Every structure is written in C-alpha cells, then in structure tokens.
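To start, the structure under review is shown below, and the notes come after it.
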Amino acid sequence: MKLTLLGTGCPKVNYKRFGPANLISTLKTKILIDCGSGVTQNLNQASISSANIDALLLTHLHSDHVVDLYQLIISSWHLCRNKPWKIYGPKGTKKFVQSIMKVWQKERELRIQYEQRFSTKAFNIKVKEFKKYGQVKIKDLIFEYFEVDHKPVKYAYGFNFHHKRKKITISGDTRPCNNLMKHAQKADVLLHEVFIEGELKPMKKILSKKTLNNVKSYHTSSEDVGKIAKICKVNKLVLTHFVPPQFNNQKLINIIKKDFGKKPIIGKDLLTIIV
Ligand SMILES: [Zn+2]
Ligand SMILES: [Zn+2]
C-alpha cells in the first residue's frame with residue numbers, strides 16, 4: 001500500500017505546500033482523500049490520472065479540504081473518465097456537491113454540447129454520507145472511518161486503510177482526540193496534522209491573540225502530536241497540514257522526537273511512503 005502526499009499545506013497560501021490532499025493506492029485501487037487547492041496539479045505531477053480514481057473521501061467540509069472539487073471533476077472529464085465518481089463524506093456532502101454542480105451547470109452543459117467528448121460519466125456523482133463509524137471495501141482496500149474532534153466543525157473524520165495486514169491512519173483535522181488514539185493503535189503509518197507551537201505570533205490588525213488561540217485549539221499542537229504517536233505505538237509518524245506552512249524543520253523534529261522516541265517524517269508535497 002502506498003501513501004502519496006499531494007498537499008501538505010493549510011488555508012494559508014504557500015507555493016511549496018498545496019492545499020490538503022492525499023492518495024492511498026495499491027496496484028488495483030486508488031483512493032483520494034480530500035481535494036484542497038492544487039490537487040489536480042499535483043496528481044498530474046505524480047502521474048496519476050483522476051480518470052482512474054476509485055473513490056474520493058472527504059475528512060470534513062472546511063474549504064481548504066474541498067475547494068478544488070469542481071476542478072477535479074472537470075479535469076477527470078478531460079482525461080476521459082469513463083465511470084461515475086464515488087464520493088464519501090460527512091453529513092452535508094450531498095448538498096455541498098449538488099450546490100457546486102449547480103453553480104456551473106449552464107457553463108458545463110454548453111461545453112458538453114460543444115466539445116463532444118467521449119463520455120460524460122465523470123459528471124455522474126454518487127455521494128454517500130458517513131455515520132459515526134463504518135467500514136467500506138473498495139476492490140482490495142478496506143477503509144474505516146471514525147469521528148475526530150474538530151469542533152465547532154460538527155462532522156469531521158479520520159480514516160484507517162487496511163491492505164495485506166498493513167494499516168495507514170489519517171487523522172484529518174482534529175484536536176487531540178481519544179477516538180483517534182483508539183483507532184490509530186499500532187498503525188504502520190500515522191499521518192497526522194500539526195499546529196506548530198511558537199511559529200505564529202499575534203500581529204496588530206493581522207492576527208489577534210484570540211484568533212491564534214482559536215485556530216490552535218481545534219488543531220493538534222506540536223507539543224502533543226509526538227505524545228499521541230507514542231500512545232498509539234505507531235511505527236512511523238508522518239506530519240502534514242502544517243500550520244503555518246513555513247517553519248523551523250529541525251526544531252519541530254527535535255520536539256517531536258523527544259515525545260515519540262523516534263524521528264518523525266516531515267511531510268512534503270509528492271512524498272510517497274510504501275508499507
Ligand atoms: Zn479543518
Ligand atoms: Zn484544514
């Protein structure tokens with residue numbers, strides 16, 4: 001099983017770290033998790049055609065994780081996608097997808113009619129909304145979804161991927177959360193979000209102390225993520241969704257190594273990890 005980091009950034013723009021997106025793949029199956037800004041460019045860079053993606057999973061509906069959904073669908077049409085899209089996401093995903101498709105409906109119909117491409121199946125979208133917990137099998141991959149804590153976002157999920165007795169856990173956006181720690185136990189890879197302590201300072205009229213504290217409080221701090229990985233006894237900790245996207249690498253590694261007991265992998269766009 002292979003994990004490809006397609007976007008390791010956050011809402012703050014950074015040209016080296018695109019918006020949140022990851023791909024889990026085997027020889028038979030490709031599952032995309034989130035579709036943040038730049039996802040299609042990095043799929044292209046990684047030589048993965050969106051025409052071949054078996055399913056899209058959404059961790060939650062924060063804009064940084066879903067903002068390129070329409071671009072993904074259009075780009076898959078251009079790449080001759082010949083099957084419907086399967087999208088799994090939290091409550092509200094159906095309405096969200098319908099709304100996006102409606103905004104572009106007239107423009108799309110005009111293009112379809114004029115361009116006369118081979119298939120319009122890319123626009124046939126099947127959405128399934130998550131319950132509290134569940135397991136889904138897609139070809140040779142099984143994914144589990146479970147709730148994480150990203151309140152005030154009401155519905156936010158983490159995932160486990162299982163293939164040939166290997167397990168990859170993806171935290172999604174979450175503050176430290178018992179349910180995540182329960183599900184991430186003994187993962188071969190834990191891909192976890194991180195808010196890097198001490199990198200952001202309040203700035204007059206740009207970033208208030210209140211805003212900074214609120215952002216920090218629904219993410220997982222660099223002071224906690226190593227401890228979480230240790231409690232979960234994971235083999236590898238890979239970090240992503242860096243808030244902020246630019247930071248002191250070595251300092252972050254040192255803090256986490258102290259808690260985790262091993263060096264974490266600082267994720268970067270297009271990094272692949274095979275388990
Ligand atoms: Zn979020
Ligand atoms: Zn996010």
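None of these values were measured; they are calculated from a predicted model. Counting convention: from 1, in listed order, for ligands and their atoms alike.
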message = Checking salt bridge (charged side-chain N to carboxylate O under 4.0 Å, His left out) between Asp54 and each of Lys86, Lys126, Lys83, which is the one that passes?
response = Lys83
ask   = Which one of His183, Lys167, His162 satisfies the side chain to side chain donor-acceptor pair (under 3.5 Å) criterion with Glu144?
value = His162
key: Ser171 versus Thr174, side-chain donor and acceptor atoms under 3.5 Å   = no
request  = Kindly confirm whether the Zn ion (ligand 1) is within less than 2.8 Å of some N/O/S atom in His150?
outcome  = yes
query = Which ILVMFWY residues can you reach from Val67 by hopping between side chains whose heavy atoms are under 4.5 Å apart?
reply = none
Geometric cation-pi criterion Arg81 and Trp77, 6.0 Å radius, 45° cone = no
task = Measure distances from the Zn ion (ligand 2) and count the protein N, O or S atoms below 2.8 Å.
result = 4
query = Thinking salt bridges, do Lys91 and Glu129 make one under a 4.0 Å N-O criterion?
reply = no
